[in-house]
Amino acid sequence: MRRVDYSVYVITDRSIGGGRSHEEMVAAAIAGGATIVQVREKRLPTRAFVEAVARARAVAVAAGIPLIVNDRVDVALAVDADGVHVGPDDLPVAVARRLLGRHKIVGASAGTVEEAVAAERDGATYLGVGSVFATSSKPDAGAPIGVAALQEIVRAVRIPVVGIGGITAANASRVIAAGASGVAVISSVVGADDITAATRRLVEVVRAARHATASG
């Protein structure tokens with residue numbers, strides 16, 4: 001399995017992206033320094049979704065950045081994406097792992113230590129943990145778990161943990177200080193007028209927070 005940098009994980013969503021296509025959002029985020037991207041789409045029919053992900057994947061492949069498909073293992077397989085991210089209402093992690101094989105990335109959502117440990121046991125490559133802060137991107141995200149709970153989960157597993165939910169350039173440093181491998185963002189980047197600039201600012205914050213954490 002390829003080594004993945006989860007530092008700045010940008011998730012595209014057309015409903016938040018102001019009418020921009022997935023490939024436009026992926027290209028702009030990568031230009032700003034995104035280290036991994038995920039395509040999230042709730043409204044397109046399957047064929048149109050496959051075509052959209054294929055176009056976004058071509059952009060990511062050209063830049064050497066991993067591309068993950070949200071929810072849909074079938075779409076990830078259809079376009080030979082780098083992996084899939086599954087939530088509690090999607091295919092179980094163990095099933096996604098079996099279908100994708102051991103070389104693909106399988107991300108899983110977790111909000112508790114128990115969920116995190118189970119996902120790691122079932123074959124998850126990394127965890128998206130949250131919502132860390134209040135968010136409007138996912139109405140079903142539930143109450144924020146906070147930074148302390150994020151830190152507890154980081155300490156309970158050996159696989160990378162990415163904080164998600166309500167993360168902006170103003171609070172991303174707290175997520176890194178809690179031990180997360182990176183931050184996953186939707187609104188604060190793809191909802192911005194300038195996706196590249198918003199990503200670049202987040203990259204700077206994450207780098208500074210990581211340096212500060214390493215320096216003690």
Side-chain angles (χ1 to χ4, degrees), residues 1-14 17 20-42 44 46-88 90-110 116 119-120 122-130 137 157-164 167 180-186 189-190 195-196 199 202-203 206:
M1 186 181 296
R2 67 188 291 188
R3 186 176 179 84
V4 176
D5 180 354
Y6 293 97
S7 297
V8 177
Y9 186 136
V10 175
I11 302 170
T12 66
D13 188 316
R14 288 186 308 135
R20 291 170 286 199
S21 68
H22 289 292
E23 63 264 35
E24 288 177 293
M25 291 185 276
V26 164
I30 290 174
T35 58
I36 179 169
V37 293
Q38 180 191 128
V39 176
R40 179 177 181 233
E41 175 61 62
K42 302 290 187 182
L44 285 176
T46 297
R47 178 173 294 189
F49 188 25
V50 167
E51 293 170 352
V53 175
R55 291 191 294 270
R57 179 179 179 273
V59 174
V61 167
I65 298 297
L67 182 138
I68 306 298
V69 178
N70 189 53
D71 296 349
R72 299 286 298 272
V73 173
D74 58 337
V75 174
L77 285 167
V79 303
D80 192 26
D82 293 283
V84 68
H85 185 95
V86 292
D90 305 322
L91 280 178
V93 172
V95 176
R97 169 59 67 205
R98 177 165 54 81
L99 292 171
L100 288 171
R102 63 189 178 93
H103 296 297
K104 293 290 188 182
I105 298 167
V106 175
S109 300
E120 180 180 41
D122 291 343
T125 312
Y126 75 93
L127 300 173
V129 171
S137 299
V157 298
R158 292 169 295 176
I159 56 179
V161 168
V162 180
I164 187 169
I167 295 171
S181 298
V183 294
V185 292
I186 307 176
V189 166
V190 302
I195 291 175
T196 299
T199 307
L202 201 59
V203 169
V206 168

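Just so you know, these numbers come straight off a predicted model, no measurement behind them.
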Separation between [atom1] of [X] and [atom2] of [Y], rounded to the nearest 0.5 Å:
X: Ser109; Y: Asn70; atom1: OG; atom2: CG; value: 7.5 Å
X: Ile68; Y: Arg57; atom1: CD1; atom2: CZ; value: 11.0 Å
X: Thr125; Y: Lys104; atom1: OG1; atom2: NZ; value: 11.5 Å

Any residue meeting side chain to side chain contact (heavy atoms under 4.5 Å, CB included) with Ala28, in chain and number order, not counting sequence neighbours: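 Residues passing side chain to side chain contact (heavy atoms under 4.5 Å, CB included) with Ala28: Ile195, Thr196.
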Using the test side chain to side chain contact (heavy atoms under 4.5 Å, CB included), find all partners of Leu77 that sit at least two apart in sequence or belong to another chain.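 Applying side chain to side chain contact (heavy atoms under 4.5 Å, CB included) to Leu77 gives Val73, Leu100.
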Is the shortest heavy-atom distance from the side chain of Leu67 to the side chain of Val59 under 4.5 Å?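 The answer is no; the side chains never approach within 4.5 Å.
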Are any of the side-chain nitrogens in Arg98 or Asp122 under 4.0 Å away from the carboxylate oxygens of its partner?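 Answer for the salt bridge query: no.
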Okay, side chain of Glu120, backbone of Arg158: is any donor-acceptor separation there less than 3.5 Å?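 Yes, because the side chain of Glu120 sits within donor-acceptor range (under 3.5 Å) of the backbone of Arg158.
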Side-chain donor-acceptor pair under 3.5 Å between Arg20 and Thr12, yes or no?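 Side-chain D/A pair, Arg20 to Thr12: absent.
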All pairs passing ring-ring contact (aromatic ring centres under 6.0 Å, His included) where residues 51-72 contributes a residue, at least two apart: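 Those involving residues 51-72 do not exist here.
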Expected list for residues 30-38: side-chain donor-acceptor pairs under 3.5 angstrom, two or more places apart:
| unit_1 | atom_1 | unit_2 | atom_2 | d |
| --- | --- | --- | --- | --- |
| Thr35 | OG1 | Asp5 | O | 2.8 |
| Thr35 | OG1 | Ser7 | N | 3.3 |
| Thr35 | OG1 | Val8 | N | 3.1 |
| Thr35 | OG1 | Val8 | O | 3.2 |
| Gln38 | NE2 | Tyr9 | OH | 2.8 |

How would you list, by chain and number, every residue that makes a ring pair (Phe, Tyr, Trp, His ring centres under 6.0 Å) with Tyr6, sequence neighbours excluded?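 If we apply the ring pair (Phe, Tyr, Trp, His ring centres under 6.0 Å) test to Tyr6, skipping adjacent residues, the hits are Tyr126.
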Taking side-chain hydrogen bond (donor to acceptor under 3.5 Å, both in side chains) as the test, write out the residues that go with Arg14, two or more places apart.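 For Arg14, the residues satisfying side-chain hydrogen bond (donor to acceptor under 3.5 Å, both in side chains) (neighbours in sequence not counted) are Glu41.
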